[in-house]
Amino acid sequence: MIVSLVKATGAPCPTAVLDGRDLPESDPQLLSALADLRADLTLQGSADVLKNAIVRPSRHPLFDLDYRFVQSLPQSPDSFDLRGSCGHSILAAVEAAARTGMIQPLVPGCRVRVNVLNNGDNVVCEAEETFGDGTRFTAHFLCSPPLELPELLMTGEPVTYVPFEGRTVPVSLVSMGNPYAFVDATQLGVDGPDALFGDDPALFDTMTRLRVAVCASQGWETFGAFPKIAAVLPQDGGGLYVRAVSVPSWHPTVALTGAICLGAAAGITGTVPWSLAGSAARDPDALLQVRTPGGCVRVAAHSTSGPDGRRELAWVSVAEKQVEYRGLLPRPRSANGLQPSAGPRLTPTAPLPEENPWVPLTA
């Protein structure tokens, strides 16, 4: 099995990128192989790697790569969530695919088209700049055809009132990139960005319980990572502060899919992000500034006017996302299948033989 480790700046952990042509396609066999990989990573001191990206040349003529995301869960070594996606891991998969010869080497201006098998997303990863050990990307999440913005609301309403520990809490349930529950942080007793970004175990616990309450109120499975939850506050002059829960702790910034979802939600009249974002939410082509504990992200959500005059979302983009390629992880085979290896943690990057021609990139 070919496994690369790639770290996206702002992600909570590296991603293990696997060549899908080496893996079984049935879920039970795939998860067994991922459990073996997880044991191997633990032996090599990389137990923190909880993201798995499975990538292969696309079987669809309009895409370069097929991508599938699997989230490792902290409950047990064989615990995984097959739902949802991860934007940082999409970029990691593109980087690894180029480094291992699955697609052409990345150059500034090239675009790689990714078919996300988890949820049907169409993502274009545009290389802004390449380095010796990585690439800086702009990620474009496309809506083809464009979607009327209210279609992104998971309950059909901009605000859903969730019973929570003796009261009701208004949340916006939005799905773009990944499903998210957005809540006004003041509803959780947070009075400003310092309190929102502080390492407060009580706030983390409250948000975790609220996520469970959201799932219970809608009859959704509470186990796993999705929908994710994020608390938001307004910035002076427009924009949002955001704090998100990841697996199994605070997200150091915000997930790329979280930024995408937040940018889309801010354009939907009446949602929590729309109410707090100020003028940035009123201009369909304005950049939304999102501040996180780890820095600032700018999100561009482009919408158009549909035949009936309603706004339709065409794409959402996030720029200046950098990834670092860390190398290949040895995964020897034996007669009994995949076995953990106690060898060196990483091997140097080297071109791999490829029977299929490179997938053409869109320049």
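Residue numbers count from 1 along this sequence.
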E157 side chain vs V159 backbone, donor-acceptor pair below 3.5 Å: no
Those residues that, when tested against D191, pass side-chain hydrogen bond (donor to acceptor under 3.5 Å, both in side chains) (two or more places apart): none
From L50 atom CG to L41 atom CG, the distance as rounded to the nearest 0.5 Å: 9.5 Å
Chi angles and distances behind the side chain to side chain contact (heavy atoms under 4.5 Å, CB included) call for S85, F226: CA-CA 10 Å; S85 181; F226 304 99; over 6 Å; no
Gap between atom CD of Q75 and atom CG of D78 - 0.5 Å precision: 10.5 Å
N/O donor-acceptor pair under 3.5 Å between D121 side chain and V123 backbone: no
Pairing residues for F204 by the ring pair (Phe, Tyr, Trp, His ring centres under 6.0 Å) criterion, not counting sequence neighbours: W250
Identify all side-chain donor-acceptor contacts of residues 27-35 below 3.5 Å with residues at least two apart in sequence or on another chain.
from	atom 1	to	atom 2	distance (Å)
D27	OD1	R68	NH1	3.2
D27	OD1	R68	NH2	3.0
Q29	OE1	S26	OG	2.8

Sidechain N-carboxylate O distance under 4.0 Å for R56, D66: no
Heavy-atom pair of closest approach, residues L142 and W315: CD2-CB, 3.8 Å
Any S175 side-chain heavy atom under 4.5 Å of N119 side chain: no
Test item: T253 side-chain N/O and G10 main-chain N/O as donor-acceptor pair under 3.5 Å: yes
Rounded distance [0.5 Å steps], CG in L313 versus CZ in F141: 12.0 Å
Side chain proximity check, V299 to V290, heavy atoms < 4.5 angstrom: yes
E25 and R59 ion-paired at < 4.0 Å: yes
CA sep, side-chain torsions, deciding dist, call: Q322, T9, side-chain hydrogen bond (donor to acceptor under 3.5 Å, both in side chains): CA-CA 6 Å; Q322 189 164 318; T9 300; 5.0 Å; no
Sub-4.5 Å side-chain heavy-atom contact between M207 and L203: yes
Common cluster, L147/V174, ILVMFWY with side-chain heavy-atom separation under 4.5 Å: yes
Contact check, side chains of V183 and L188, non-hydrogen atoms, under 4.5 Å: yes
Flag side-chain contact, heavy atom, 4.5 Å: V49 against R38: no
Considering all heavy atoms, the nearest L73-G224 contact: CD1-CA, 4.0 Å
Ring pair (Phe, Tyr, Trp, His ring centres under 6.0 Å) against F182, all qualifying residues, sequence neighbours excluded: Y180
Spatial distance of atom CZ (F137) from atom NE2 (H88) [nearest 0.5 Å]: 12.0 Å
Hydrophobic cluster identity match, L196 and V272, side-chain contacts under 4.5 Å: no
P273 to A265 - nearest heavy-atom pair and separation: CG-CB, 3.9 Å
Plane angle bin for F63 and H60 - parallel if under 30°, tilted between 30 and 60°, otherwise perpendicular: perpendicular
E320 bridged to R136 by N-O distance under 4.0 Å: no
Path from V162 to M154 over hydrophobic side-chain contacts below 4.5 Å: yes
S89 vs T15, side-chain hydrogen bond (donor to acceptor under 3.5 Å, both in side chains): CA-CA, chis, key distance, verdict: CA-CA 6 Å; S89 294; T15 295; 2.8 Å; yes
Same apolar cluster (I L V M F W Y, side chains within < 4.5 Å links), L210/Y161: no
Sequence neighbours excluded, every pair satisfying side chain to side chain donor-acceptor pair (under 3.5 Å) that has a member inside residues 140-150: E126-H140, H140-S317, E148-R310
CA sep, side-chain torsions, deciding dist, call: T208, R211, side chain to side chain contact (heavy atoms under 4.5 Å, CB included): CA-CA 5 Å; T208 301; R211 193 198 77 84; 5.7 Å; no
Min side-chain heavy-atom separation T100-Y325 under 4.5 Å: yes
Step-by-step side chain to side chain contact (heavy atoms under 4.5 Å, CB included) determination, V55 to V17: CA-CA 7 Å; V55 65; V17 182; 3.8 Å; yes
Heavy-atom side-chain proximity of Q71 to V247 below 4.5 angstrom: yes
CA sep, side-chain torsions, deciding dist, call: V114, D64, side chain to side chain contact (heavy atoms under 4.5 Å, CB included): CA-CA 6 Å; V114 181; D64 300 305; over 6 Å; no
Atom pairs and distances, side-chain donor-acceptor, residues 231-242, under 3.5 Å, sequence neighbours left out:
from	atom 1	to	atom 2	distance (Å)
Q235	OE1	Q289	NE2	3.0
Q235	OE1	R291	NE	3.3
Q235	NE2	L240	O	2.9
Q235	NE2	Q289	O	3.1

Closest heavy-atom pair and its distance - D48, P14: OD2-CD, 3.8 Å
Distance-minimising heavy-atom pair for L149 and A264: CD2-O, 4.2 Å
V169 reachable from V190 in the ILVMFWY side-chain graph, under 4.5 Å edges: yes
Distance-only donor-acceptor check, side chains S72 and N52, under 3.5 Å: yes
Pairwise distance CG(L91) to NZ(K7) - rounded to 0.5 angstrom: 12.5 Å
Candidate pair T160 and T155, rule side-chain hydrogen bond (donor to acceptor under 3.5 Å, both in side chains), full reasoning: CA-CA 7 Å; T160 299; T155 63; 2.7 Å; yes
Distance in Å, L65 CG paired with I54 CD1, rounded so as to fall on 0.5 Å steps: 13.5 Å
Side-chain (S246) to main-chain (S249) donor-acceptor, under 3.5 angstrom: no
pair R99-S4: side-chain heavy atoms closer than 4.5 Å: no
Closest approach of L106 to A98 (non-hydrogen atoms, all atoms of both residues): CG-CB, 3.6 Å
Under 3.5 Å: donor-acceptor pair, side chain of T206, backbone of A202: yes
